[in-house]
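The structure appears below as structure tokens.
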Amino acid sequence: MDETSYFQNALSSFVTDAACGGAVRHLTDIGYTLDQIVDRLDYPAPRAKVQRIMMAYLYESRVLLLEEPTEELFAPQEQFVQVQDAYGRRSFRKIEVDYKSQTNMTSTPDLTAASQRNKMAQTREILWKESVYEPKRDGKLTELLYRKCKEGGETYSYVSCPFGEPAGDQYSQIGEKEQGVQSEQGGLCAAVEDKMGCLNGRQREYLRGIRWEKPVVYHRLNRRMLEIIGKLYEAGAYSGACFFVTGQEKIAIPAR
């Protein structure tokens with residue numbers, strides 16, 4: 001990419017973010033899927049750019065993690081929140097938020113600040129207390145996970161999502177090209193796509209709107225993801241692990 005094209009793309013991304021970035025982040029917060037966000041925007045933003053803003057916010061707000069949860073999740077963060085004085089003048093004020101206080105089970109992400117940036121924190125490994133899910137002993141999977149989220153807090157509860165295409169899967173990509181199939185980078189892997197019929201339309205839309213940048217990423221175990229994992233497990237399309245950081249508990253979920 002030459003310097004002019006790079007500058008034009010950077011400028012275009014800046015304009016898009018300035019015009020609709022706040023709306024994208026707000027709609028992501030209240031549970032809209034990518035397609036719903038694109039349809040809702042007044043500004044005619046390309047889907048790819050809306051997705052880029054949405055994905056950046058999901059990582060920024062720790063709804064998605066690229067690596068297993070660590071002690072870094074407990075580090076306070078700095079946020080810039082908008083305040084308004086008695087004369088209606090608006091400004092931004094920096095505050096520090098301790099996420100240990102966020103323990104409620106909600107349908108949507110916990111963070112709604114205008115913007116934030118992580119403080120530098122030392123990443124420490126967690127000595128997990130590991131167990132394996134057994135239906136006869138533990139009962140229905142969704143009920144078990146819901147109880148664990150209530151005990152430790154949704155903010156510190158994550159589930160592994162092995163939904164991305166395997167890294168370096170060159171043979172499948174060659175086969176798709178020979179058949180004239182265009183697979184979107186960061187799309188869902190074939191194993192999950194084949195079982196998507198067990199999900200409702202909005203759940204399928206949500207998964208397809210996320211860029212699965214690695215074969216496995218980690219999603220906060222909010223109600224939406226809890227229901228998705230439960231349905232995929234029942235359909236024989238899920239195996240992975242749940243991480244409850246507050247209690248340092250890791251539950252492996254074998255395939256049915």
Side-chain angles (χ1 to χ4, degrees), residues 24-25 28-29 31 33-34 51-79 97-113 115-130 145-146 148-149 151-167 185-189 192 203 206-230 232-233 238-253:
V24 171
R25 288 182 278 272
T28 300
D29 262 344
T33 66
L34 174 62
Q51 185 185 48
R52 195 174 301 124
I53 296 170
M54 183 190 81
M55 291 301 303
Y57 184 62
L58 289 175
Y59 286 118
E60 181 182 276
S61 58
R62 295 172 172 170
V63 173
L64 286 178
L65 303 175
L66 286 174
E67 305 294 339
E68 279 192 10
T70 66
E71 287 283 354
E72 187 177 5
L73 287 171
F74 289 109
Q77 289 184 321
E78 289 179 352
Q79 291 186 354
V97 178
D98 180 2
Y99 293 105
K100 287 184 179 180
S101 62
Q102 298 183 10
T103 56
N104 293 329
M105 187 74 174
T106 65
S107 313
T108 57
D110 298 298
L111 310 182
T112 56
S115 66
Q116 66 176 24
R117 55 189 174 88
N118 292 341
K119 293 184 68 176
M120 294 301 294
Q122 183 179 3
T123 301
R124 292 180 294 170
E125 295 298 324
I126 298 174
L127 297 177
W128 297 104
K129 295 176 287 187
E130 299 189 28
L145 299 184
Y146 181 83
K148 293 295 182 182
C149 286
E151 291 170 5
E154 179 188 304
T155 302
Y156 300 111
S157 302
Y158 286 86
V159 62
S160 65
C161 296
F163 300 156
E165 289 288 356
Q185 184 180 6
L188 286 165
C189 65
V192 176
Q203 291 167 339
Y206 180 71
L207 293 184
R208 287 173 175 150
I210 292 177
R211 286 182 59 85
W212 302 100
E213 299 177 17
K214 297 177 66 175
V216 180
V217 299
Y218 303 85
H219 194 291
R220 182 174 292 156
L221 198 54
N222 53 25
R223 278 202 180 97
R224 167 183 275 165
M225 190 52 64
L226 190 153
E227 291 170 0
I228 288 173
I229 293 300
L232 289 175
Y233 173 78
Y238 179 79
S239 63
C242 291
F243 303 81
F244 302 97
V245 182
T246 304
Q248 299 190 344
E249 186 175 1
K250 177 181 178 180
I251 302 177
I253 304 172

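In this text the structure is predicted, and so the values were computed from the model without any measurement.
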Exercise for the section: Find the distance between CG (L58) and CD1 (I53) and round it off to the nearest 0.5 Å. Expected result: 12.0 Å
Exercise for the section: Enter the distance from M54:CE to R25:CZ here, rounded to the nearest 0.5 Å. Expected result: 12.5 Å
Practice task
Might you point out which heavy atoms bring E165 and L188 nearest each other, and give the distance in Å?
Solution key: OE2-O, 3.4 Å
Exercise for the section: Tell me, please, which residues at least two apart from Y233 pass ring-ring contact (aromatic ring centres under 6.0 Å, His included). Expected result: Y133
Handout entry: Set of side chain to side chain donor-acceptor pair (under 3.5 Å) partners for T33, sequence neighbours left out
Key = Q36, E205
Problem - Partner set under side chain to side chain donor-acceptor pair (under 3.5 Å) for Q248, not counting sequence neighbours - result: E71
Problem - Whether R220 side chain and S61 backbone form a donor-acceptor pair below 3.5 Å - result: yes
Exercise for the section: Supply the atom-to-atom distance I253 CD1 to L145 CG, rounded to the nearest 0.5 angstrom. Expected result: 5.5 Å
Fill in the blank from the handout: Value for CZ (F244) from CD (E154), rounded to nearest 0.5 Å, stands at 11.0 Å
Practice task
Keeping the roles fixed (side chain from R211, backbone from M55), state whether a donor-acceptor pair exists under 3.5 Å.
Solution key: no
Practice task
Could you pull out all residues at least two apart from F163 that satisfy ring-ring contact (aromatic ring centres under 6.0 Å, His included)?
Solution key: W212
Completion exercise
The ring-ring contact (aromatic ring centres under 6.0 Å, His included) partners of Y206 (sequence neighbours excluded) come to H219
Exercise for the section: Would you check if K148 and E151 make a side-chain contact, meaning some heavy-atom pair closer than 4.5 Å? Expected result: yes
Fill in the blank from the handout: L64 and I210 have their tightest heavy-atom pair at CD1-CG2, 4.2 Å
Problem - Minimal non-hydrogen separation, L34 against G209, with atom names - result: CD2-O, 3.6 Å
Completion exercise
CD1 (I229) and CG (L221) are apart, to the nearest 0.5 Å, by 7.5 Å
Completion exercise
For P162 and S239, the nearest pair of non-hydrogen atoms, with its separation, is CG-O, 3.6 Å
Exercise for the section: Tell me, please, which residues at least two apart from K214 pass salt bridge (Lys or Arg N to Asp or Glu O under 4.0 Å). Expected result: E67
Practice task
List in chain and number order the residues that pass salt bridge (Lys or Arg N to Asp or Glu O under 4.0 Å) with E227, two or more places apart in sequence or in another chain; answer none if no residue qualifies.
Solution key: none
Practice task
For L127, look at atom CG and say whether over 12 heavy atoms of other residues, nucleotides or ligands are found less than 6.0 Å away.
Solution key: no
Problem - No-hydrogen, no-angle side-chain donor-acceptor test under 3.5 Å, S157 and Y146 - result: no
Fill in the blank from the handout: Residues passing the salt bridge (Lys or Arg N to Asp or Glu O under 4.0 Å) test with E68, sequence neighbours excluded, are K250
Practice task
Check whether any side-chain heavy atom of Y57 sits under 4.5 Å from a side-chain heavy atom of V24, and report yes or no.
Solution key: no
Handout entry: Shortest non-hydrogen separation from C161 to M225 and the atoms involved
Key = SG-SD, 4.2 Å
Exercise for the section: Specify the closest pair of heavy atoms between P69 and W128, including all atoms of both residues, with the distance to one decimal. Expected result: O-CZ2, 3.6 Å
